[in-house]
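Only one structure is covered here, and it is reproduced in the block below.
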Amino acid sequence: MIDLKLLNRDFDGVVTKLQKKRVSEEVLESLKGRYLQLKDIRTKLENAQATQNEKSKLFQVYMREKRDISELKIEVSENKRLIAELSEELRISEESLGELLLNIPNIPHDSVPDGESEDDNVELEKVGEPRKFSFEPKPHYELGENLNWLDFERGIKLAKSRFTVVKGVGARLERALINYMLDHNRECGFDEVSVPVITNSTSLYGTGQLPKFEDDLFKIEGEELYLIPTAEVSLTNMFADEIIDGDELPIQLTSATPCFRKEAGSGGRDVRGIIRQHQFYKVELVSITKPEESYEMLDKMVECVSSLLTNLGLPHRKVQLCGGDLGFSASKTVDIEVWIPSQGKYREISSISNTEDFQARRAKIRYRDGKKNRLAHTLNGSSLAIGRTIVAIMENYQNENGEIAIPDVLTKYL
RNA sequence: GGACAGAUGGGUGAGUUGGCUGAAACCACUUCCCUGCUAAGGAAGCGUAUUCGUAAGGGUACCGAGGGUUCGAAUCCCUCUCUGUCCGCCA
């Protein structure tokens, strides 16, 4: 969540910055109003509580001196009523503030370009040249069915649409990619961990998936538990409610997990193939850093992912997201898009974000900086979405008879 | 799933006739003193959040979570969650 003190201190500045994320001034006005109201009520309540504490202490004095306490009792019980009233007011005020606050997106970094949609994103760098085909490249789903790597019908039979069974060399390729990426990330300085793929709602609030994006999550019936949409949830929330020793930063973690998304609202998009699935493997990177080091870390993570694609021989480009395309929790995001020959365009395969202290504030991830406790910065990025990497390899490495070459770096993993 | 037990500060662990305990003591940690040296001794400090204050320093809340009783609760009552042990069950 955003910093209410900052909102109060520099209202116009926050308004201007959040315009990039299409947050209206009225909403922020209302948020600030509720914050000030809350502070006011809290002050009144605390004063009343101070009185109560003081008076309560008199009782033992009176009783020791055998003085009459009936008058004191009346006085105090009136104050007690006041406390009850104020507490109720405070509760309502907190609720109303929280409702609004939890739905306000993060403040974008100054470098974020203004824009409405992905069309306004800014290309930072192209890496590698798309291959010139002497034939018409086939889409991965055709290749995959012909090679018997992808079994769409059985995926649907087992679950429903947007689930796929991966077979044969395809399945082995999936496993090889996971292993290769984890090894690569380790070389980049990320420690491998294995995490739960089900988390509680508190964790999902912490990283910002809840309350706003409940519709996109698979929930376990009858429990406050959800299948994770990304390992970012598990990895980041490992440090929720903790105060990390400053010497231990930065923390850099990587984990391979299945991810589950309902893809609500994406009806009709990428219906063919495995670009958009309800379940897919992804290798994730998460970093926890000191505030002054987080943008350096963002660059490092982008490079780690980019080099992964370079090593796989996949042409890609780095794109900085514009305000309108920026995710809810992100302050700055660099997407990495890989060349998809059958579509003749670059498609997102990784998204690397610095959320600054947005998630840290929600999840209470702090570190000890000398004597003081400060909010850490959290970053996350895919490295990579396995399904989409398979798509990219299939399409970029296909030859005319429909066979697929395997990138050199993977041969030792297959 | 069944039966017990428990949940206190970084750790161990006091505190259950309700008030002087936001919390003893010990350990760890920090600073200083002493000591001719990787030991020992001594002094002080050392939870989180929030609020007021330039600061010093106050206030408020928090002893798993939420409610209740009371002028007042870590201490009494209720509900929930989690953890441990034993049994059953399954990888």
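Every chain is numbered from 1 and lettered A, B, ... according to where its sequence line falls, protein lines coming before strand lines.
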Among residues at least two apart in sequence or on other chains, which ones pass side chain to side chain contact (heavy atoms under 4.5 Å, CB included) with A:Glu95?
A:Arg91
Across all strands shown, which nucleotide pairs with [N] by Watson-Crick or G-U wobble geometry, both distances under 3.5 Å?
{"N": "B:U60", "answer": "B:A49"}
{"N": "B:G1", "answer": "B:C87"}
{"N": "B:U38", "answer": "none"}
{"N": "B:A74", "answer": "none"}
{"N": "B:U79", "answer": "B:A65"}
{"N": "B:A23", "answer": "none"}
{"N": "B:U30", "answer": "B:A44"}

Gap in Å between the two [atom1] atoms, one belonging to [N] and one to [M], rounded:
{"N": "B:A28", "M": "B:G15", "atom1": "P", "answer": "23 Å"}
{"N": "B:A56", "M": "B:G47", "atom1": "P", "answer": "15 Å"}
{"N": "B:U12", "M": "B:G64", "atom1": "P", "answer": "14 Å"}
{"N": "B:C63", "M": "B:G13", "atom1": "C1'", "answer": "13 Å"}
{"N": "B:C32", "M": "B:A14", "atom1": "P", "answer": "35 Å"}
{"N": "B:A24", "M": "B:U38", "atom1": "P", "answer": "34 Å"}
{"N": "B:U60", "M": "B:G53", "atom1": "C1'", "answer": "15 Å"}
{"N": "B:A74", "M": "B:C86", "atom1": "C1'", "answer": "30 Å"}

Taking atom CG as the centre, does A:Asn401 end up with more than 12 heavy-atom neighbours from other residues, nucleotides or ligands that are less than 6.0 angstrom away?
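More than 12 heavy atoms, drawn from other residues, nucleotides or ligands, come within 6.0 Å of this atom.
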A:Glu54, CD: over 12 other non-hydrogen atoms inside 6.0 angstrom
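For A:Glu54, atom CD is not crowded (no more than 12 foreign heavy atoms under 6.0 Å).
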Rounded interatomic separation in angstrom, taking CD from A:Glu224 and P from B:C82:
12 Å
All pairs passing ring pair (Phe, Tyr, Trp, His ring centres under 6.0 Å) where residues 304-329 of chain A contributes a residue, at least two apart
A:Phe213-A:Phe328, A:Phe328-A:Phe358
Contacts of type salt bridge (Lys or Arg N to Asp or Glu O under 4.0 Å), residue A:Glu337, not counting sequence neighbours
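Partners of A:Glu337 by the salt bridge (Lys or Arg N to Asp or Glu O under 4.0 Å) criterion, ordered by chain and then number, come out as A:Arg317.
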Interface residues of residues 196-211 of chain A with RNA chain B (non-hydrogen, below 4.0 angstrom)
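By residue number: none to list.
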What about the rings of A:His109 and A:Tyr295, do their centers lie closer together than 6.0 Å?
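For A:His109 and A:Tyr295, the ring centres are under 6.0 Å apart.
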Between A:Trp339 and A:Asn396, does a side-chain contact (heavy atoms from CB on, under 4.5 Å) hold up when you go through it step by step?
CA-CA 8 Å; A:Trp339 180 253; A:Asn396 282 283; 3.5 Å; yes
Return yes if a side-chain donor-acceptor contact under 3.5 Å exists between [X] and [Y], otherwise no.
{"X": "A:Glu248", "Y": "A:Tyr367", "answer": "no"}
{"X": "A:Gln359", "Y": "A:Glu232", "answer": "yes"}
{"X": "A:Thr254", "Y": "A:Glu192", "answer": "no"}
{"X": "A:Ser294", "Y": "A:Glu356", "answer": "no"}
{"X": "A:Arg368", "Y": "A:Asn373", "answer": "yes"}

Assign a letter to each nucleotide of nucleotides 50-72 of chain B from its 5' end: B, base within under 4.0 Å of a protein heavy atom; S, sugar-phosphate only; -, no contact.
SSS------BBS---------BS
If you restrict it to nitrogen or oxygen atoms, what contacts under 3.5 Å exist between nucleotides 46-49 of chain B and the protein, and what is each distance?
| unit_1 | atom_1 | unit_2 | atom_2 | d |
| --- | --- | --- | --- | --- |
| B:U48 | OP1 | A:Arg368 | NH1 | 3.3 |
| B:U48 | OP1 | A:Asn373 | ND2 | 2.9 |
| B:U48 | O3' | A:Arg366 | NH1 | 3.0 |
| B:A49 | OP1 | A:Arg366 | NH1 | 3.1 |
| B:A49 | OP2 | A:Asn373 | ND2 | 3.4 |

